[in-house]
Amino acid sequence: MDRNRSGLLVRLLPLFLIFPSHAFPQVQGVSLSIRFAGGTSQFHVGEVIPIELSFVASQPETFVVSTRNYDRSGRLDIEQFHVTPPGRDPLADYFAVGACIRGGLGGSQALGTEPFVMHEDLNEWVALDNPGHYALNVTTGRVSRRGATEDERLELRSNSLEFDVLEASPEWQEETFGEAVSILNFSTSTDEQRRDAIRKLRFLDSPKSIRELAKQMSNFPPGRRFDCVAGLAGSRFQSEAVRELKRQMQSPDIAITADYIYTLAKLETQVQHHLPPYPENDADQQKIWEEQRRAYDKKFTDLEDALYKETAALVGSKQGHAQAGTINTLLLRTGPGSPDMKPLAGLPGPELASAFLALSPDQEWELLSSFWERLKIPSMTEALEAIANESEIKNQMLRDIVLQRLYELDPGEATPYILDEIKRPHIDDGSFTVKAKTLGVLPNQTLPELDQLLASRLEQRDSRTRALDAQLVARYSTKAILFRVKAVYEEHPGRWDCVAEDGFVLYFLRTEPEYGIKQLAVAPSTCMTESMAAVVKMKRWNEIEASIIAQLDNPDLNRARQAAETLSKYGGPKAEAAMWQRLRRFHQEWAVRENELTNRRILSRNATEAIGFQYGMDLSLAQAQGWVLSNEQVSELEQLTLGSQRDNVKQYHWKSPVELSVNDFFGGELRVDINNQYFPQGLASLSAKLRQYPSGTKFQVAIHGEEGRVAPVVETIRETALDAGFTLEITH
């Protein structure tokens, strides 16, 4: 046998061992072939190895190929690149824990006799750190056979290629490095040229390329830094990469981005705390692995928190764009524990305002809504005023939160903006955007100087701010315009939208109480929060309860449901009895027509309204503020409920211990949940609800949140339990 042929057989033998013929049978009519895109089969260690994948079908319109070529994690594993002798997966450790975010856009294309070609770089999946002779074979799940109802995914195997990897000389490395850096530094370089240049540095994996990748991290926008991250994470020299990231973090010209912090924390964790592969078939080892994983996660979280604190301390030493970029990182920080951190106090005020204003309106709204504690510092006044002065904002919620936060920081500075907004409401992104509640924070009992303006706007039939104006009239207007407001209201009494109705009735309750109570009795809805609360505060709820109970029999089931929801929130024993009676009548009426409530394909309008009414009645009885359902009552509620809604009622059965949770949600929302059923609003309603349970009940209390914020809630629970004879089992 020829020596060359013999050597070739020896080199190809491992491929046949890896890919037996039965594992990837040939698919008739479609094929995949590969070749080196540059026309050469010799590459240096660290050189990009471009591969062309060519798909051809001999039977047109029979096969389709997915054209997706990326994943949000940064790499797409739809192809498998098999190299003999094997190299290493450069990102195995990086993707092993916490970095795998799947998903992305893609399409498909029908295959024919004309080749469909895709381009890949072998280095993405296989790093060849040593010179030698190699063979390559590709398998893919990208192709599917079209079917009558669904496509059949296929596994294709390509031809094999042989190639050589040569030692990378210092001269070649220096030349490659220089070319890439020159392109990155040229202001005229295109995005594609910059991407190719950064990928050259990523795969070069030399000490100089590691330093440059760390430097370039802040030069690429979010979403386009993966090659920098992957170059550092996939390097053979992990410890050097960590040291370089730490060193450059101190540089006044380097912006510390969230990607920078995440990458440094991830790589340092990998260096200090290696996590072995998951033991798929060993239960005992899996438990050990889970413990190691928890230790790994804690190490990473601790490192990331420490790096954010260090970043805050370094802001003052940063210059120009690096300082603005670093402040942006602190502004946009999200994640476990971050609401408790207040790293922005003491930062340079003008720079902070400038960095905040450089964000998108959506980002600004998110920060002011969910991370205000991090921004509640005097230097934010300038930024908030700048936004308030904008004539139009491409976010319907931003101006409202800006005025709220400005008033919290400096009521004197905010008052002119609030008054101006009342006089000339802004239309942002197609809608008026500042809520009446925000505009109602001024200490004035009334603003008589606005009476005529607000009355005139209410009288404009085509006004886009009519609902807002009704709320503003309720808050600030005097009795002087009562006759004009009544004239507008009586155009559609009881039939305004909820916001406007609430405003009108609240104004009447303040200026002509008897008229207001009469109107509220015929137009009840739980969304009329202000007027309902006003009646309760006036201790006149009993005067409207009977009228609202009567609304349970309204032929308009939507109105009847609104009445039930109102009674659930404010009603007492009379309301409860009436709601049970109404539900029993509903059951009697619809029991013989239950199929109409379950067959979604033939739902009539009546059936749709009936489903909504039943759902509202069930929820109103089960989650009322004024009573707790016994298990016998829950059973009756099950029996009275028709259709699939019955399954939802079962969850309201309870036994001691009753689950009670206190949650301080990310963003500042504090919520109490009893039995996944009752959600009291405020400490008084919490205490009242707990007292409805029988003496001797045991509550299993789970508390999640910052101690100072949840302390008043916990104290209320303890005091109520002591007074009512409850037992508490509290866990934090």
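Source: prediction; values computed, not measured.
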Check: Going through the checks in order, is the ring-ring contact (aromatic ring centres under 6.0 Å, His included) test met by Tyr489 and Tyr507?
Finding: CA-CA 11 Å; Tyr489 175 76; Tyr507 173 71; over 10 Å; no
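- To the nearest 0.5 angstrom, Phe504 atom CZ is 9.0 Å from Asp469 atom CG.
- Here the side chain of Thr465 pairs no donor or acceptor atom with the backbone of Leu468 at under 3.5 angstrom.
- A side-chain donor-acceptor contact under 3.5 Å links Arg475 to the backbone of Leu442.
- Dense packing is recorded around CD of Glu392, with more than 12 heavy atoms of other residues, nucleotides or ligands lying under 6.0 Å away.
- Between the Asp429 side chain and the Gln396 main chain, no donor and acceptor come within less than 3.5 Å of each other.
- Between Trp541 and Tyr570, the angle of the ring planes lies from 30° to 60°, which puts this pair in the tilted group.
- Minimum interatomic distance between Phe613 and Ala560 (heavy atoms only, all atoms of both residues): CE1-CB, 3.6 Å.
- Counting only heavy atoms from C-beta outward, the side chains of Ile418 and Thr415 never approach each other to under 4.5 Å.
- Side-chain contact check for Asn663 and Ser661: at least one donor-acceptor pair (N or O, by modelled atom type) lies under 3.5 Å.
- Once rounded to the nearest 0.5 Å, the distance linking CZ of Arg510 with OG of Ser477 reads 7.0 Å.
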Check: What's the verdict on side-chain hydrogen bond (donor to acceptor under 3.5 Å, both in side chains) for Glu390 and His426, showing C-alpha distance, side-chain angles and the deciding distance?
Finding: CA-CA 10 Å; Glu390 292 183 21; His426 283 85; over 6 Å; no
Item checked: Glu449 vs Lys423, salt bridge (Lys or Arg N to Asp or Glu O under 4.0 Å): CA-CA, chis, key distance, verdict -> CA-CA 11 Å; Glu449 64 270 26; Lys423 296 173 184 176; over 6 Å; no
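- Put simply, the side chain of Gln471 gets close to the backbone of Val499: a donor and an acceptor are under 3.5 Å apart.
- Side-chain N/O atoms of Asp410 and Thr381 include no donor and acceptor closer than 3.5 Å.
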Check: Checking side-chain hydrogen bond (donor to acceptor under 3.5 Å, both in side chains) for the pair Trp627/Gln633: CA distance, chi angles, key distance, verdict?
Finding: CA-CA 11 Å; Trp627 56 84; Gln633 288 176 308; over 6 Å; no
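- Within a 6.0 Å sphere centred on OH of Tyr615, heavy atoms belonging to other residues, nucleotides or ligands number 12 at most.
- Rounded to the nearest 0.5 angstrom, Ile549 CD1 and Ile544 CD1 are separated by 10.5 Å.
- One finds the CG atom of Leu398 at 9.0 Å from the CG atom of Leu384 (value rounded to the nearest 0.5 Å).
- For the pair Val488/Trp496, a side-chain contact is recorded, criterion being any heavy-atom separation below 4.5 Å from C-beta on.
- Salt-bridge check for Glu530 with Lys537: failed, with every basic side-chain N at 4.0 Å or more from each acidic carboxylate O.
- Side-chain contact of Arg646 with Gln614: a donor-acceptor pair under 3.5 Å is absent, judged by distance alone.
- Put simply, the side chain of Gln623 never gets that close to the backbone of Phe679: no donor and acceptor are under 3.5 Å apart.
- Within the 4.5 Å cutoff, the side chain of Gln404 has no heavy atoms near those of the Trp372 side chain.
- By the 4.0 Å N-to-carboxylate-O rule, Arg405 lies close enough to Glu408 to be salt-bridged with it.
- Of the N and O atoms on the side chains of Ser687 and Thr720, at least one donor lies less than 3.5 Å from an acceptor on the other residue.
- Contact check for Ile393 versus Thr433: no side-chain heavy atoms found under the 4.5 Å cut-off.
- More than 12 heavy atoms of other shown residues, nucleotides or ligands fall within 6.0 angstrom of atom CD in Gln460.
- His587 and Gln639 are not linked by any side-chain donor-acceptor pair at a separation below 3.5 angstrom, with hydrogens and angles left out of the test.
- Within 6.0 Å of CZ on Arg691 lie more than 12 heavy atoms contributed by other residues, nucleotides or ligands.
- A donor atom on one side chain and an acceptor atom on the other are found under 3.5 Å apart for Ser531 and Asp502.
- Looking at Lys569, its side chain never comes within 3.5 Å of a backbone N or O of Ala564 through a donor-acceptor pair.
- Side-chain contact check for Tyr652 versus Leu621: every heavy-atom pair is 4.5 Å or farther apart.
- Put simply, CG on Leu472 and CG on Leu454 are 6.0 Å apart, with the number rounded to the nearest 0.5 Å.
- With respect to Lys650 and Asp647, a salt bridge is recorded, a charged nitrogen being found less than 4.0 Å from a carboxylate O.
- With a 6.0 Å radius and a threshold of 12 heavy atoms from other residues, nucleotides or ligands, Gln445 has its CD atom at or below the threshold.
- Tyr678 and Gln625 share no side-chain donor-acceptor pair at under 3.5 Å.
- Put simply, the side chain of Phe586 does not reach to within 4.5 Å of the side chain of Leu552, judged on heavy atoms.
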Next item on the list: Show your reasoning for whether salt bridge (Lys or Arg N to Asp or Glu O under 4.0 Å) applies to Arg585 and Glu589.
Entry: CA-CA 6 Å; Arg585 291 198 301 274; Glu589 177 187 354; over 6 Å; no
Checklist line | Test log, rule side-chain hydrogen bond (donor to acceptor under 3.5 Å, both in side chains), inputs Asn648 and Gln645 | finding: CA-CA 5 Å; Asn648 295 329; Gln645 170 64 13; 2.8 Å; yes
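- Side chain of Thr511 to backbone of Lys479: no donor-acceptor contact under 3.5 angstrom is found.
- Salt bridge Glu514/Lys518: absent, no basic N to carboxylate O contact under 4.0 Å.
- Between Glu491 and Arg466, at least one side-chain N (NZ, or NE/NH1/NH2) sits under 4.0 Å from a carboxylate O, which counts as a salt bridge.
- Residues Tyr693 and Phe699 place their aromatic rings such that the two centres sit under 6.0 Å apart.
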